[in-house]
Novice: 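Following this message is one structure expressed as structure tokens.
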Number of protein chains: 2
Amino acid sequence: MRIGELAERSGTPRRLLRYYEEQGLIAPRRLPNGYRDYDERFVDRIMQIRGLLDAGLPTRIIKQILPCLDKPRVIHFSDATPEMLATLERELDRMSRRVECLSRNRDAIAEYLDAVRATAPPEPALPEPAPPGPGAPPPADR
Amino acid sequence: MRIGELAERSGTPRRLLRYYEEQGLIAPRRLPNGYRDYDERFVDRIMQIRGLLDAGLPTRIIKQILPCLDKPRVIHFSDATPEMLATLERELDRMSRRVECLSRNRDAIAEYLDAVRATAPPEPALPEPAPPGPGAPPPADR
DNA sequence: TCGAACCATCACATCGATGTGAAGGTCAAG
DNA sequence: CTTGACCTTCACATCGATGTGATGGTTCGA
């Protein structure tokens, strides 16, 4: 597929797809006329990238960890330089802390909302849209 | 305490303490000479703010959710406008998604590291430093 | 063949978080 | 009384992620 379709299917501006490529996060093929050519797997890939970006990881780090998250792993064992492993360890630690901090505050918000709801009548829920893919980031804050 | 001590105790540049104040996240007293005057509670407060920032929340949102994370809650029930509650719901959802995405990728990295370690001999661990406060962010990526 | 709808690259703008430094006030210790 | 270590405000710079638009090539259908 070309960039427009991927943009639509991943909910990502073309600009960012080109930016992620420039940052070395993805490397789509090119058609004879120079157009970018993406296959299906890029949809989830982009979701994953956006999820990680949204969670606070910079592209530089994402670029390093992405190859390790693919199966089968065996292929990528050769990438495992000591510096690489050290980076991964550090990032693993950072991510765990982030998850902890985020969970703690999320639970506190949930608790607060529960407390508020206990004093005011709730409203009926709406039917939900389709669930997001494996790496889907939450919608923007704006 | 004055800004220098808080900066040191929270590991945060003075610049950012002033920035957070400018963004309405904190409101320290002022001494007669105009100096900012922080009490003990600001140390954890700053940690919490930095943790949330690091996890990808913008100051604008943090400003809204911070008052709800304090105990006792009862005092803050008056803040609970419908828009406020809607914001909290949205943000709760976003945070949950973030936690999910982050956890998933973190687990994948852990799995990868385990796989790698299974083929190379491990090294003995070092003694750990003091654990961080309640809202402590992970160290920077840089 | 012409226009619409794609695509390309490039450059510049914006936005939030952060760094840095200038110019000057306060205060305690020598 | 001066010096040094604090503090103040203000302004401008940087950095990464993102928005926007200019300029031009490709493809396809009317």
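Note on naming: letters A, B, ... go to the chains in the order of the sequence lines (proteins, then strands), and numbering restarts at 1 for each one.
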Novice: Let me know the distance between CG of B/Leu16 and P of C/dG16, rounded to the nearest Å.
Specialist: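 Going from B/Leu16 (CG) to C/dG16 (P), I get 15 Å.
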
Novice: Atom CG of A/Leu6 and atom P of C/dC6: how far apart are they, to the nearest Å?
Specialist: 15 Å

Novice: Which dot-bracket notation, 5' to 3', represents the base pairing of DNA chain D when pairs are defined as Watson-Crick or G-U with both distances under 3.5 Å, crossing pairs as [ ], and inter-strand pairs as |?
Specialist: ||||||||||||||||||||||||||||||

Novice: Could you state the atom-to-atom distance from CG of A/Leu53 to C1' of C/dG16 in whole Å?
Specialist: 15 Å

Novice: Closer than 4.0 angstrom, basic N to acidic O: yes or no for B/Glu21 and B/Arg30?
Specialist: yes

Novice: Is the backbone N or O of A/Cys101 less than 3.5 Å from a side-chain atom of A/Ser103, with the two atoms forming a donor-acceptor pair by type?
Specialist: no

Novice: For the side chain of B/Arg2, starting at C-beta, report the closest nucleotide among C/dA17, D/dC7, D/dA17.
Specialist: D/dC7

Novice: How long is the straight-line distance from CG of A/Leu25 back to NZ of A/Lys63, given to the nearest 0.5 Å?
Specialist: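 A/Lys63 NZ to A/Leu25 CG: 8.0 Å, rounded to 0.5 Å.
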
Novice: Between B/Arg9 and B/Glu40, is the closest basic N to carboxylate O distance under 4.0 Å?
Specialist: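 So B/Glu40 pairs with B/Arg9 through a salt bridge.
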
Novice: Drop me the distance from A/Ile3's CD1 to A/Arg15's CZ, to the nearest 0.5 angstrom.
Specialist: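 CZ of A/Arg15 is found 10.5 Å from CD1 of A/Ile3.
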
Novice: Take atom CZ of A/Arg14 and atom C1' of C/dA8, then tell me their distance rounded to the nearest Å.
Specialist: 12 Å

Novice: Closer than 4.0 angstrom, basic N to acidic O: yes or no for A/Arg98 and B/Asp54?
Specialist: yes

Novice: Starting at atom CG of B/Leu57, determine the distance to atom P of C/dA17, rounded to an integer number of angstrom.
Specialist: 10 Å

Novice: Rounded to whole angstroms, how far apart are CE on A/Met1 and P on C/dC7?
Specialist: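 Result: 12 Å.
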
Novice: A/Tyr20 versus A/Arg50: any side-chain heavy-atom pair under 4.5 Å?
Specialist: yes

Novice: Could you tell me whether the phosphate oxygens of D/dT18, OP1 or OP2, come under 4.0 Å of any side-chain nitrogen or oxygen in A/Tyr20?
Specialist: yes

Novice: Round to a whole Å and report the spacing from CG of B/Asp54 to C1' of C/dA17.
Specialist: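 After rounding, the gap between these two atoms is 12 Å.
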
Novice: Is the distance from OP1 or OP2 of D/dG16 to the nearest side-chain N or O of A/Thr59 less than 4.0 Å?
Specialist: no

Novice: Look at B/Arg18 together with B/Glu22 and state whether they make a salt bridge at an N to O cut-off of under 4.0 Å.
Specialist: no

Novice: Once you round to the nearest 0.5 Å, how far does CE of A/Met84 lie from CG of B/Leu113?
Specialist: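 Taking CE in A/Met84 and CG in B/Leu113, the distance rounds to 9.0 Å.
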
Novice: Check this for me: does any side-chain nitrogen of one of B/Glu89 and A/Arg117 sit under 4.0 Å from a carboxylate oxygen of the other?
Specialist: yes

Novice: Of the options C/dT9, C/dA17, D/dA17, whose atoms approach the side-chain atoms of A/Arg18 most closely?
Specialist: C/dT9

Novice: So B/Asn105 and A/Leu52, do their side chains get closer than 4.5 Å, heavy atoms only?
Specialist: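 They are in side-chain contact.
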
Novice: Nearest to the side chain of B/Ile3, heavy atoms from C-beta on, is which of C/dT18, C/dC7, D/dT8?
Specialist: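 For B/Ile3, the side-chain atoms sit closest to D/dT8.
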
Novice: Rounded at 0.5 Å granularity, tell me how far CG in B/Leu16 sits from CD1 in B/Ile49.
Specialist: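 So the CG of B/Leu16 and the CD1 of B/Ile49 are separated by 10.5 Å.
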
Novice: So which protein N/O to nucleotides 20-22 of chain D N/O distances come out below 3.5 Å?
Specialist:
unit_1: D/dT20; atom_1: O4; unit_2: A/Arg15; atom_2: NE; d: 3.3

Novice: OP1 or OP2 of C/dA17 versus the side-chain N and O atoms of B/Tyr19: is any pair under 4.0 Å?
Specialist: yes

Novice: Quick one: B/Leu52 CG to C/dG16 P, roughly how many Å, whole number?
Specialist: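 Rounded to whole Å, this separation is 18 Å.
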
Novice: Using a strict heavy-atom distance below 4.0 Å, which residues from residues 30-39 of chain B are in contact with DNA chain D?
Specialist: B/Arg30, B/Gly34, B/Tyr35, B/Arg36

